[in-house]
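Take a look at the structure set out below.
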Amino acid sequence: MKLSQTTVTILMADDDEDDHILVREALRESQLLIDLHIVSNGEELLNYLHHRGLYTDKSQAPRPGLILLDLNMPKKNGLEVLRDIKTNPLFRRIPVIVLSTSNDKEDIYRTYDLGANSFITKPVTFTALVEIMKNIGKYWFEIVQLPLESVG
């Protein structure tokens, strides 16, 4: 089964520059048709979604088909952002994958209670990260149907 020829936008919210580089490289290695946009904190993520501030140009901030969300970020943490996304009718259909260094059961329970679609603990090796990105791509872009456009 081949991936759709449509490029899917992923919005990643993570304050760790090294993680930005690693995820970008892992997605490149996975050979998925992904348009990756990265923000460094929860406020930026919400500004991106609402097209505020630096993100007013919708062509430069397209609606994401998937959000990769870190929990521990400055300004507005991942749990607060997840709550905002999943309670907003405009954004609640966007799948959110929590990608965190945490493997604390409370964090896992809280994210699912708030509507996260998946919780993945960040792997230690780059090879494992590439494998996770391939699996995310296969599952989210080959197997499931995503609500890529907002409806009414």
Side-chain angles (χ1 to χ4, degrees), residues 4 6-24 26-27 30 32-124 128-129 131-152:
S4 160
T6 305
T7 300
V8 178
T9 299
I10 292 180
L11 177 58
M12 177 180 171
D14 194 313
D15 62 322
D16 187 321
E17 291 287 331
D18 290 337
D19 285 346
H20 297 180
I21 294 165
L22 290 173
V23 168
R24 191 176 301 282
L27 285 169
S30 73
L32 299 171
L33 293 173
I34 302 294
D35 180 22
L36 180 66
H37 293 255
I38 299 175
V39 295
S40 296
N41 62 60
E43 280 185 11
E44 281 184 35
L45 186 147
L46 293 173
N47 286 340
Y48 179 104
L49 291 175
H50 288 283
H51 298 291
R52 299 184 297 226
L54 300 173
Y55 306 100
T56 54
D57 182 352
K58 291 181 182 184
S59 69
Q60 298 299 309
R63 181 181 176 85
L66 184 71
I67 296 172
L68 297 176
L69 181 64
D70 186 29
L71 291 183
N72 301 311
M73 295 183 295
K75 296 190 180 181
K76 199 163 199 165
N77 71 39
L79 292 172
E80 294 168 317
V81 171
L82 181 59
R83 184 180 314 108
D84 290 349
I85 291 169
K86 293 302 182 177
T87 58
N88 185 318
L90 296 174
F91 308 126
R92 68 177 165 222
R93 291 187 184 120
I94 300 170
V96 177
I97 297 174
V98 173
L99 189 59
S100 177
T101 55
S102 172
N103 61 4
D104 180 69
K105 285 188 192 308
E106 279 302 308
D107 285 340
I108 295 167
Y109 293 148
R110 277 185 288 199
T111 59
Y112 281 112
D113 286 345
L114 291 171
N117 298 86
S118 298
F119 187 103
I120 299 172
T121 301
K122 288 179 186 174
V124 179
L129 183 62
E131 199 58 36
I132 285 173
M133 290 301 130
K134 283 181 182 178
N135 288 327
I136 286 172
K138 182 165 184 59
Y139 180 75
W140 288 103
F141 308 130
E142 281 187 27
I143 297 171
V144 301
Q145 293 291 318
L146 291 174
L148 295 177
E149 298 298 322
S150 96
V151 178

Flag side-chain contact, heavy atom, 4.5 Å: [X] against [Y]:
X    : Y   : value
D70  : D16 : no
L11  : L68 : no
I85  : L45 : yes
L114 : K86 : no
M133 : I34 : no
R24  : I21 : no
D35  : V8  : no
H37  : M12 : no

Donor-acceptor pair, side chain of [X] and main chain of [Y], under 3.5 angstrom:
X    : Y    : value
T56  : R52  : no
Y48  : E43  : no
E44  : N41  : no
Y112 : F119 : yes

At their closest point, which heavy atom of [X] faces which heavy atom of [Y], and how far apart are they?
X   : Y   : result
G65 : P95 : O-CD, 3.3 Å
E17 : S40 : OE2-OG, 4.5 Å
T9  : P62 : OG1-CG, 3.7 Å

Working to the nearest 0.5 angstrom, can you tell me the gap between [X] [atom1] and [Y] [atom2]?
X    : Y    : atom1 : atom2 : result
I132 : L99  : CD1   : CG    : 7.0 Å
N103 : I120 : CG    : CD1   : 13.5 Å
S100 : K122 : OG    : NZ    : 6.5 Å
L82  : I67  : CG    : CD1   : 9.0 Å
L36  : I10  : CG    : CD1   : 6.5 Å
L71  : T111 : CG    : OG1   : 6.5 Å

* To do: Salt-bridge test for D84 and K76: reply yes if a basic N is under 4.0 Å from a carboxylate O, no otherwise.
  =>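 Yes, D84 and K76 are salt-bridged.
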* Identify whether the distance between the nearest side-chain nitrogen and carboxylate oxygen of D113 and R110 falls below 4.0 Å. =>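 The answer is no: the pair does not qualify as a salt bridge.
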* To do: Verify the distance criterion only: is there a donor paired with an acceptor across the side chains of D104 and S102 at less than 3.5 Å?
  =>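 Looking only at side-chain atoms, S102 and D104 do not form any donor-acceptor pair under 3.5 Å.
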* To do: Evaluate the criterion side-chain contact (heavy atoms from CB on, under 4.5 Å) for residue pair Y139 and S118; output intermediate values, then yes/no.
  => CA-CA 11 Å; Y139 180 75; S118 298; 5.8 Å; no
* **Near-ring test H50/Y55, centroid separation under 6.0 angstrom** =>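 That pair fails the under 6.0 Å test.
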